[in-house]
Amino acid sequence: DSAMRRREDDEDASPYLFCERCEQMFERVLIQECSYCFKGFCRNCAVRSGNAAFCGKACAKAWFFTEADEEDAEEEKEKK
């Protein structure tokens, strides 16, 4: 009964997923989710920045600098 419930909750019961970067198949537990765009990626494709893992350099940069850019834009508006 619990196995059946687990399968209903899980959208894909397959133990394997594809890395969205290199398109290789890995066990589900080895695929991480990007903190910024939520794409699945493998350990080999991971870009570490701070204590988070991202699918690429663009997401890592956006994660850390988007908030700073928004604050700068608000400060510029206030000066005008």
Side-chain angles (χ1 to χ4, degrees):
D1 188 42
S2 64
M4 190 66 140
R5 192 174 309 125
R6 194 174 335 118
R7 283 188 184 217
E8 287 173 5
D9 293 341
D10 194 5
E11 44 188 66
D12 181 14
S14 170
Y16 299 99
L17 290 174
F18 285 93
C19 170
E20 294 184 47
R21 298 276 304 175
C22 67
E23 299 180 1
Q24 296 291 315
M25 186 186 297
F26 292 91
E27 289 183 41
R28 180 178 290 271
V29 297
L30 297 177
I31 296 292
Q32 294 178 291
E33 190 175 76
C34 180
S35 299
Y36 187 73
C37 71
F38 306 107
K39 288 183 181 177
F41 61 91
C42 68
R43 236 183 256 169
N44 299 332
C45 294
V47 173
R48 302 235 180 258
S49 186
N51 63 351
F54 301 92
C55 67
K57 290 180 183 178
C59 284
K61 184 177 178 183
W63 177 264
F64 288 103
F65 296 110
T66 301
E67 188 173 303
D69 291 343
E70 289 172 359
E71 289 174 5
D72 290 344
E74 285 179 26
E75 287 176 12
E76 287 295 320
K77 283 182 185 177
E78 290 173 5
K79 286 180 183 177
K80 290 182 180 180

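This chain uses plain numbering: 1 for the first residue, then up along the sequence. Scope of the values below: all heavy atoms of this structure, side chains included, with no hydrogens, waters or symmetry mates.
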Once side-chain contact (heavy atoms from CB on, under 4.5 Å) is applied, do any residues pair with [X], and if so which ones, sequence neighbours excluded?
{"X": "Gln24", "value": "Cys22, Phe26"}
{"X": "Gln32", "value": "Phe41, Ala46, Arg48, Ala53"}
{"X": "Glu27", "value": "Tyr16, Val29, Leu30"}

query = Applying the 4.5 Å side-chain criterion to the ILVMFWY set and letting contacts propagate, would Phe64 and Tyr36 be lumped into a single cluster?
reply =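 Both belong to a single hydrophobic cluster.
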
Does Arg28 use its side chain to pair, donor to acceptor, with the backbone of Ser14 at less than 3.5 Å?
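Yes, the answer is positive, given that a donor and an acceptor are paired below the 3.5 Å cut-off.
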
Original post:
So, the side chain of Arg21 versus the backbone of Cys55: is there a donor-acceptor pair under 3.5 Å, distance only?
Top reply: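 Answer holds: yes.
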
* How far apart are the closest heavy atoms of Ile31 and Gly40, and which atoms are they? ->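 In this case the closest contact between Ile31 and Gly40 is CG2-CA, 3.8 Å.
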
### Query
Nearest heavy-atom pair of Cys37 and Cys34: which atoms, and what distance?
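Answer, listing the atom of Cys37 first, then Cys34: N-SG, 3.5 Å.
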
Can you find a heavy atom in the side chain of Ser49 that is under 4.5 Å from one in the side chain of Trp63?
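Side chain of Ser49 against side chain of Trp63, heavy atoms only: no contact under 4.5 Å found.
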
